[in-house]
Amino acid sequence: MSLARVRQSPVDPAFVQDPYPFYARARGLGDLVFWEDYDLVCATTHRAVQEVLRDRRMGREPPAGSEIAVPDHATAFYDIEAHSMLELEPPRHTRLRGLVLRAFTTRRIATLAPEIEALCHDMIDGFGSDQVDLLPAYCAPLPVTIIARLLGVPEDMGPKLLNWSNAMVAMYQARRTEDIERASAAAARDFADFLRGYVIERQSQPADDLITHLIAAEEDGARLSTDELISTCILLLNAGHEATVHTLGNGIRALIEHRATASVVGTEDRCKAAVEEVLRWDPPLHMFTRYIYEEMTIFGHTFRRGDQVACLLGSANRDDTVWPDAARFDPSRAVTTNSAFGAGRHFCIGAPLARLELQIALRVLFQRLPALALVGQPEFADLYHFHGLSALPAAPIGHALAG
C-alpha cells in the first residue's frame, strides 16, 4: 500500500505559528504519511506514534551502515552525542540510564519543591510593576537555575549555560545551516571543557550534588566514564531546559488566552490536570525520529533496515479518537496519556522534574499575579522540531491594555 504524500515546509511562517492544521490534514490521510520536505515516513496518530516509540525493533542509534556523514566542522557536537543516552540503544543505553536513575531519583527531585517555589517568588519580585517578557524573566531562568544547583555548578553561569544549550539544540532544528553547525560545535567544546573541570574536581573533592552522585553511581562494577558523565550532564541541561522553557511559555499563553488561570491555583489535582493538558495541547517537541533495525510492516507499510520514521508528537496529541474535541484547550480534561515526553525506553528521564517545575511555576505565577494579561499576540519562534514562543510580553491588565 502506497502512503499518502504531504508537502509542508517546516520553516514556512504560517506553519511555524500554527502547525496543527497541517497535522490534522496529515492524520486524515492515515496513521503513516510520507512528508516530502523531510523525505521521511511520519507517524501521525496517537496509536501509530505510541507503537513506533515502544517498538524495540526501532531506535535512536543508526544501524551499522546507516551512520550519517559528520562534517569536520561539526565533529565536536557529535563527539558529545556519541556518549548521550538519548542517541544510544542497549546495552549502552540500559547501563547509562540505569546509572543516571540511581542519581536522578524521583525522591531527590521531590525535595526540590520548596526551592523551586522560592525561586519563582524571587523572580516575580524582580518583575516590577510594568510590562515584562516572561520568557527571559521567568520561563528560562527557572529550569537552568535548578539544574545548575543540581549539578553543583555556579548559578551565575546560568546565562552561559543557556547560550551553550541554545546553540547545541539548534542542530535539531529545520532552520539548521553550516553557521549553526559551527556555532553548535563551538558550544559543545566550551560546554565539555567547562564540565570536565568540575568532574575532575568532584572526583577528588566529593560534594552533595548531581555530578558527585553520577560519579559514585555504579552498576555491576561499572561506572560512567568521564566522557559519558559530561554528555549526561549536557543532556540533562539541554533537554530539560528546552522542554520546560517552551512548555512553560506555551502554558502561560494558553491559560491566559483561554481565561483558565484559576485552574492552576485551585487544588493540587486541578493544577496537575491543567499541566497535563498544556503538555498535550501544545507540547515543546513536535518530532522525534527512529531508525528501523529489521524489515517490518506496520500500518500497512513495509520498512527496511536502515530506514527512518518520524513520530509527529504534536499531531498525536491532537488525535480526536483519543481526546474528544482534541483541538480545544480544556484544563479540566482528564489526560491520562500523551506523547509530550515520548514513550518506551527513551521516555524523558527528566519528566518528573519538568512536571514539578511546571506545576509550581504556573501556580505561583497566577497566585501572585491573578490579573496578568498578554501584551499583544505572542509569536512562535522558528525552532521546528521544537515549538516555543519567541517572546511572551505580559503585564497586569491595566498595563496590558495600554500595550
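Computed from heavy atoms alone, side chains included, the values below leave out hydrogens, waters and symmetry copies.
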Is the backbone N or O of Leu96 less than 3.5 Å from a side-chain atom of Glu228, with the two atoms forming a donor-acceptor pair by type? no
So, Ser390 side chain and Glu379 main chain: donor-acceptor pair closer than 3.5 Å or not? yes
Results of side chain to side chain donor-acceptor pair (under 3.5 Å) for Arg202 - residues two or more places apart only: Asp209
Which residue pairs pass the ring-ring contact (aromatic ring centres under 6.0 Å, His included) test when at least one of the two sits in residues 40-64, sequence neighbours left out? His46-Trp323
Got a sec, which residues hit side chain to side chain donor-acceptor pair (under 3.5 Å) with Ser332, two or more places apart in sequence or on another chain? Asp330
Between the main-chain N or O of His387 and the side-chain N or O of His286, is there a donor-acceptor pair closer than 3.5 Å? no
Side-chain (Tyr20) to main-chain (Trp281) donor-acceptor, under 3.5 angstrom: yes
Backbone N/O of Pro90 and side chain of Thr94: donor-acceptor pair under 3.5 Å: no
Any ion pair linking Glu181 and Arg176 (charged N to carboxylate O, less than 4.0 Å)? yes
Closer than 4.0 angstrom, basic N to acidic O: yes or no for Glu268 and Lys272? yes
State whether the side chain of Arg5 and the backbone N or O of Val33 hold a donor-acceptor pair below 3.5 Å, judged by distance alone. no
For the pair Arg328 and Asp325, find out whether any cationic side-chain nitrogen is under 4.0 Å from an anionic carboxylate oxygen. yes
Determine whether a donor-acceptor pair (N or O, by modelled atom type, separation under 3.5 Å) exists between the side chain of Arg60 and the backbone of Thr289. yes
When every non-hydrogen atom of Arg97 is compared with those of Cys348, the smallest separation belongs to NH2-C, 4.4 Å
Is it true that Asp227 and Arg196 make a salt bridge, defined as a side-chain N closer than 4.0 Å to a carboxylate O? yes
